[in-house]
Undergrad: 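Please see the structure below; I have some questions.
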Amino acid sequence: MQATLARRSAADVHRRTRGVIAPLGAAMLTVVCAGGARAQQHAGVMETLPNASLASWVALAAPPGHEGAALDRIASALPGFTRDALGDLVLRRGSGRPRRVVACGLDEASYAVSEITDDGYLRLHGAGNARRGPLWDQFHEGQRILVLGRSGAVPGVVAVRSTHLWRRRGAVEPPATIEDLWVDIGAHTRAEAEALGVSLLAPVLRDWPRWSYGAFVAGPAAADRAGCAAVAAASRGTPEHGETVYVISVQSAFRWAGLSAAIAPLGDVDTLVIASARLLPPDHSSDGPAVTIGEAALPFPQARGLHVGATIAIAPRARFAGTLVESVSGPDAEKYALAVARAAGLRESPPLTVLADADPAPARARRDSLADAASLLGTLTETYGVSEHEGAVRAEILRLMPAWARQRARTDSVGNLVLSLGPDRDTVVFMAHMDEVGFEITGIAGDGTVSLRQRGGFYPSLWEGQPALLHLDGGASARGGMVRGVFVPQERVDTKQPRALTAWFGMDSASLVARGARVGAAITGVKSAARLAASRFTARSIDDRAGCTALLLALRSLDPATLRHKVIFAWSVQEETALGGAAVMADALRGSVRRVYAVDTFVSSDSPLESRRFAFAPLGKGAVVRALDNSSVTPPEEVDRVVALARQARIPLQVGTTNGGNDGSEFVRHGTLDIPISWPLRYSHSPAEVIDLADVVALGRLVTTLATH
């Protein structure tokens with residue numbers, strides 16, 4: 001149907017709308033229908049007014065019925081609007097006939113808290129009937145969210161089964177639904193969740209980064225937010241003829257309740273123009289014209305005394321519609337704004353409005369006993385290092401070392417970072433790995449779509465339809481040497497896991513290669529760290545940046561002059577891809593190491609999604625001796641020794657078995673005793689990993705104790 005709409009002549013549009021938007025004319029249709037499927041290239045991210053404006057609108061948090069804060073920001077930027085009883089922003093310009101209403105819906109698809117469990121988890125229910133794609137719920141699984149509580153936004157994650165504990169799951173399973181969504185805000189109990197300001201019916205949204213790539217802005221409801229940006233821009237102008245009533249409406253997810261209330265007092269409306277893709281067919285194409293204009297049914301019951309002559313929908317071209325990465329280009333946003341302005345009776349479109357960023361809430365001082373561990377771990381988790389691309393992580397660990405340790409540390413032939421201390425006898429090795437799971441490019445298609453291979457084991461569904469980062473050669477830190485893009489959501493949905501995950505960066509292959517892309521380059525998702533509740537912490541790549549942090553904490557408390565034997569601290573590479581760095585180091589040290597302590601994750605079943613048959617080590621109960629996993633078993637006397645030393649030092653410690661391999665297993669073939677030590681972690685190899693910082697502090701103390709005995 002969208003193709004038919006695009007081909008309508010100006011005369012046909014004129015006839016169907018009773019001439020109310022006649023000023024559009026044939027020239028306007030030529031403008032808005034121009035352009036190909038891909039956006040034209042431009043110099044950088046968010047360098048144009050359309051991109052900056054659209055990004056500021058997409059960033060608004062406006063769940064149905066909770067649009068107040070977003071409306072305040074809009075009203076401060078657009079003086080003259082009044083607010084009606086439901087909260088709609090309304091502005092009337094001009095007089096006489098024709099009378100037009102030009103409107104958009106501000107609210108977005110979201111969830112509401114439907115239950116708070118006794119152990120502090122939240123369950124969800126969809127809020128309103130906004131159009132969602134078939135994978136909408138799945139796109140939230142294993143991701144960061146915000147709960148809009150009574151005292152402000154509360155960060156959390158949507159739980160997901162740990163990869164390590166479900167390696168034999170069926171290859172074919174249905175997509176996740178709302179029944180699978182459990183929200184972890186770091187609370188231990190219902191009372192703790194409520195103390196954070198969380199209550200029943202509190203809105204829940206994906207914690208979405210402000211995301212631009214190429215010429216595009218991506219985010220939930222990007223097309224509808226482009227509509228509100230266009231309505232806001234047009235509202236600055238007075239129509240050449242007649243009256244235009246501008247409405248930025250609330251509660252559009254509930255049969256456009258706000259818009260219905262806003263126009264009910266008007267009596268006769270010649271044309272209602274709604275800037276929204278939701279009134280067009282669901283198959284509205286991303287390969288169609290830049291702007292589509294078509295007749296639509298009135299989206300709410302017509303109130304008594306109100307007569308609406310015609311309803312017209314105007315929508316921009318949008319890629320990946322109905323997903324979290326719904327994308328609208330800056331050039332298309334400009335054409336869209338012009339179309340909305342012409343429909344409002346203006347000859348030209350006034351400039352788009354860039355909304356000011358929300359004032360951040362004052363950060364709470366968290367100078368508690370966990371602050372140092374949180375700072376170290378936050379720095380390391382926000383640094384990127386896919387397996388075999390660990391250089392930035394190695395540089396950060398070196399920077400965070402005490403000065404005396406930095407001077408002694410060396411990098412071996414494969415990239416392991418090694419620090420040797422103490423007299424040359426009874427050598428013990430503490431090894432944590434620097435790499436994280438991610439992707440490498442295997443091919444670049446002509447349109448710039450890149451094919452990928454996984455580096456490490458994880459569910460690709462957790463990356464699908466999310467922001468993507470291409471890491472260029474020579475990128476020295478998490479803040480440089482990167483190109484933004486998106487992981488492409490699948491078009492045909494019949495299984496949970498995409499058959500072949502791809503990424504796109506808003507440009508064709510020639511432009512992408514010119515930026516530095518190549519086969520073998522690393523690709524990850526964007527990440528950021530956050531503290532949850534009192535002691536919990538979330539980030540991607542806690543596995544094994546928490547192990548790296550524990551070694552750094554131990555170094556801070558060690559005096560190398562007091563060591564009675566040789567202690568080697570090692571930060572290894574390629575652990576996620578067959579323990580490659582550990583194998584090289586084990587061969588180099590063969591026969592000389594008495595014990596190796598692999599400092600790595602204990603993937604815990606401490607989650608309502610897991611069976612507690614094994615791997616149950618509760619978060620907050622201390623470090624863990626990982627006595628049995630898929631790669632090694634620790635002799636009982638060695639387990640007893642660690643337990644005794646921990647008890648003597650009053651270090652909380654657990655003992656357990658879990659799945660996964662560890663670096664220390666590479667040393668066993670040379671006669672070395674492997675004693676993996678860990679901290680418990682939920683939701684392994686996902687963007688939503690969660691730990692308790694107290695366990696990392698306990699692990700650091702355990703490393704210190706074992707190094708000195």
Side-chain angles (χ1 to χ4, degrees), residues 164-165 369-370 373 422 426-432 535 542-544 546-555 557-558 562-570 593-606 612-665 667-668 671-682 684 691-709:
H164 296 77
L165 302 183
S369 62
L370 305 176
D426 295 333
T427 302
V428 297
V429 173
F430 294 90
M431 177 173 283
S535 60
I542 293 176
D543 175 12
D544 184 29
C548 296
T549 297
L551 296 192
L552 289 171
L553 290 172
L555 281 180
S557 62
L558 273 178
T562 65
L563 294 175
R564 294 175 291 179
H565 57 89
K566 189 171 187 177
V567 178
I568 298 175
F569 287 84
V593 179
R594 183 177 181 184
R595 294 185 177 94
V596 59
Y597 297 96
V599 186
D600 203 349
T601 309
F602 185 94
V603 179
S604 176
S605 58
D606 181 20
R612 293 187 175 180
R613 175 183 59 81
F614 82 118
F616 182 61
L619 272 62
K621 299 296 184 181
V624 188
V625 178
R626 184 168 144 177
L628 172 66
D629 63 20
N630 299 119
S631 66
S632 69
V633 58
T634 303
E637 58 273 17
E638 291 296 325
V639 175
D640 293 342
R641 175 178 176 272
V642 174
V643 170
L645 287 171
R647 184 179 298 119
Q648 181 181 347
R650 297 185 178 181
I651 300 169
L653 184 68
Q654 308 176 75
V655 178
T657 173
T658 190
N659 280 347
N662 70 83
D663 274 337
S665 63
F667 288 74
V668 174
T672 300
L673 297 171
D674 181 19
I675 308 106
I677 54 176
S678 309
W679 72 94
L681 173 139
R682 294 173 178 165
S684 68
I691 62 166
D692 196 295
L693 288 166
D695 298 333
V696 178
V697 172
L699 181 59
R701 292 179 57 207
L702 182 63
V703 171
T704 303
T705 298
L706 295 174
T708 54
H709 286 79

Undergrad: Between Ser535 and Asp692, do the side chains contain a donor N or O and an acceptor N or O under 3.5 Å apart?
TA: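 Asp692 vs Ser535: donor-acceptor pair found between side chains.
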Undergrad: Please assess Leu628 against Phe614 for the test side-chain contact (heavy atoms from CB on, under 4.5 Å), listing each intermediate value before the final yes or no.
TA: CA-CA 11 Å; Leu628 172 66; Phe614 82 118; over 6 Å; no
Undergrad: What residues, two or more places apart in sequence or in another chain, satisfy salt bridge (Lys or Arg N to Asp or Glu O under 4.0 Å) together with Lys621?
TA: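 None.
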Undergrad: Nearest 0.5 Å please: distance from the CZ atom of Arg613 over to the OG1 atom of Thr657.
TA: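 Answer for the CZ-OG1 pair, Arg613 versus Thr657, is 9.0 Å.
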Undergrad: Roughly how far, to the nearest 0.5 Å, is the CD atom of Gln648 from the NE2 atom of His709?
TA: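 So the NE2 of His709 and the CD of Gln648 are separated by 5.0 Å.
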Undergrad: When you look at Val642 and Thr705, which way does the side-chain contact (heavy atoms from CB on, under 4.5 Å) test go after all the steps?
TA: CA-CA 9 Å; Val642 174; Thr705 298; over 6 Å; no
Undergrad: Roughly how far apart are Asp629 CG and Asn659 CG, rounded to 0.5 Å?
TA: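 Between Asp629 CG and Asn659 CG, I get 8.0 Å after rounding to 0.5 Å.
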Undergrad: Counting only heavy atoms not in Arg594 (residues, nucleotides, ligands), do more than 12 fall under 6.0 Å from its CZ?
TA: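 Result for CZ/Arg594: open.
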Undergrad: Pair Asn662, Ser631 - check side chain to side chain donor-acceptor pair (under 3.5 Å), show working.
TA: CA-CA 7 Å; Asn662 70 83; Ser631 66; 3.2 Å; yes
Undergrad: Taking atom CD of Gln654 and atom CZ of Phe616, what is their separation to the nearest 0.5 Å?
TA: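 Going from the CD atom of Gln654 to the CZ atom of Phe616 covers 8.5 Å.
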Undergrad: If we ignore hydrogens and angles and just use 3.5 Å, is the side chain of Arg682 paired with the main-chain N or O of Leu619 as donor and acceptor?
TA: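 Side chain of Arg682 to backbone of Leu619, a donor-acceptor pair under 3.5 Å: no, none is there.
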Undergrad: I'd like to know if the side chain of Asp543 pairs up with that of Ser684 as donor and acceptor (distance under 3.5 Å, no hydrogens or angles considered).
TA: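 Absent: no donor and acceptor within the cut-off.
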Undergrad: Would you compute the distance between atom CD1 of Ile542 and atom OG1 of Thr549 and round it to the nearest 0.5 angstrom?
TA: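 Between Ile542 CD1 and Thr549 OG1, I get 9.5 Å after rounding to 0.5 Å.
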Undergrad: Within the side chain of His164, is there an N or O that forms a donor-acceptor pair under 3.5 Å with the backbone of Gly661?
TA: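 No, because the side chain of His164 does not come within donor-acceptor range (under 3.5 Å) of the backbone of Gly661.
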Undergrad: For Ala432, give me all partners under side-chain contact (heavy atoms from CB on, under 4.5 Å), at least two apart in sequence or on another chain.
TA: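 Ala432 satisfies side-chain contact (heavy atoms from CB on, under 4.5 Å) with Asp544, Cys548, Leu551, Val599 once adjacent residues are dropped.
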Undergrad: Report yes if some heavy atom in the side chain of Thr708 is under 4.5 Å from a heavy atom in the side chain of Leu558; otherwise report no.
TA: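 Yes, at least one pair of side-chain atoms sits under 4.5 Å.
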Undergrad: Step by step, would you call Arg595 with Asp426 a salt bridge (Lys or Arg N to Asp or Glu O under 4.0 Å)?
TA: CA-CA 8 Å; Arg595 294 185 177 94; Asp426 295 333; over 6 Å; no
Undergrad: Please confirm whether the backbone N or O of Ala623 pairs with a side-chain atom of Asp695, one donor and one acceptor, at under 3.5 Å?
TA: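 Absent.
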Undergrad: Nearest 0.5 Å, what's the CD1-CG distance between Ile675 and Leu706?
TA: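 CG of Leu706 is found 8.0 Å from CD1 of Ile675.
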Undergrad: List in chain and number order the residues that pass side-chain contact (heavy atoms from CB on, under 4.5 Å) with Ser678, two or more places apart in sequence or in another chain; answer none if no residue qualifies.
TA: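 Expected list: Phe602, Val624, Arg626.
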